[in-house]
Amino acid sequence: YISGTFGLAITAEFPIEDTGYIEEGFDFCLVSGQNLVAFPCENPVSVETALPELAQAEITSIIGAGVATTNINGQFLGSLQNFSPGAGYWVKSNSSMCFNYTCSE
């Protein structure tokens, strides 16, 4: 039996304004195999612009809602041309890595 008053102390600083969106510069980390990741940018951005070259070299395919693209010899081919704001995608990677999206064209 436990009785008494308990308190909770929060020592971490919280941002003054939380927009609910992932901030630009957030690291998205993938493991080898399938990964479910979100696209955090406010506007549509082409797959090849949004992904840095090092990530493009390791990503073999990306599947979204009704769209997909496959990396064939360094070029993404398929119906997925642009990432949509706030959408989620299954990304298949050859290796574990982290990257940041480029949000503007």
Side-chain angles (χ1 to χ4, degrees):
Y1 173 75
I2 299 174
S3 68
T5 304
F6 296 94
L8 177 64
I10 301 192
T11 58
E13 291 185 33
F14 288 96
I16 294 171
E17 181 182 333
D18 186 3
T19 63
Y21 290 96
I22 295 171
E23 301 295 326
E24 232 179 290
F26 178 86
D27 284 338
F28 285 85
C29 294
L30 307 177
V31 296
S32 181
Q34 295 287 349
N35 301 266
L36 182 59
V37 296
F39 183 66
C41 303
E42 293 181 15
N43 297 303
V45 179
S46 72
V47 171
E48 291 170 343
T49 297
L51 295 173
E53 283 185 37
L54 293 175
Q56 288 183 35
E58 298 300 322
I59 293 172
T60 58
S61 61
I62 304 169
I63 301 171
V67 291
T69 188
T70 301
N71 187 341
I72 299 175
N73 298 323
Q75 185 176 6
F76 286 94
L77 302 174
S79 59
L80 175 60
Q81 300 294 311
N82 296 305
F83 288 118
S84 295
Y89 298 91
W90 283 102
V91 177
K92 186 175 182 185
S93 177
N94 283 330
S95 65
S96 296
M97 64 166 169
C98 294
F99 69 94
N100 300 96
Y101 287 107
T102 300
C103 286
S104 60
E105 302 252 4

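These numbers were taken from a predicted model, which means no experiment stands behind them.
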Exercise. Evaluate whether atom CD1 of I72 has more than 12 neighbouring non-hydrogen atoms of other residues, nucleotides or ligands under 6.0 angstrom away.
Key: yes
Quiz item: Any donor and acceptor pair, going by atom type alone, linking the side chain of Q81 with main-chain N or O of G78 inside 3.5 Å?
Solution: yes
Quiz prompt | V45 vs Y101 side-chain heavy atoms within contact, under 4.5 Å | solution = no
Quiz item: Side chains of F76 and Q56: closer than 4.5 Å at any heavy-atom pair?
Solution: yes
Practice problem: For a side chain to side chain donor-acceptor pair (under 3.5 Å) with E58, tell me which candidate from S96, S93, S95 qualifies. | Solution: S95
Quiz item: Are Y89 and F83 close enough that their ring centres sit under 6.0 Å apart?
Solution: yes
Self-check item: Side-chain heavy atoms of I62 within contact of N71, under 4.5 Å
Solution: no
Practice problem: Indicate yes or no for a side-chain donor-acceptor contact from S79 to the backbone of A68 under 3.5 Å, with no hydrogens or angles considered. | Solution: yes
Self-check item: N94 side chain near T60 side chain, heavy-atom distance below 4.5 Å
Solution: yes
Quiz prompt | Side-chain donor/acceptor of S46 to backbone N/O of N82, under 3.5 Å | solution = no
Quiz item: Between the side chain of N35 and the main-chain N/O of G33, is any donor-acceptor distance below 3.5 Å?
Solution: yes
Quiz prompt | Close side-chain approach of L30 and F99, heavy atoms under 4.5 Å | solution = yes
Quiz item: Does L77 offer a backbone N or O that forms a donor-acceptor pair with the side chain of T69 under 3.5 Å?
Solution: yes
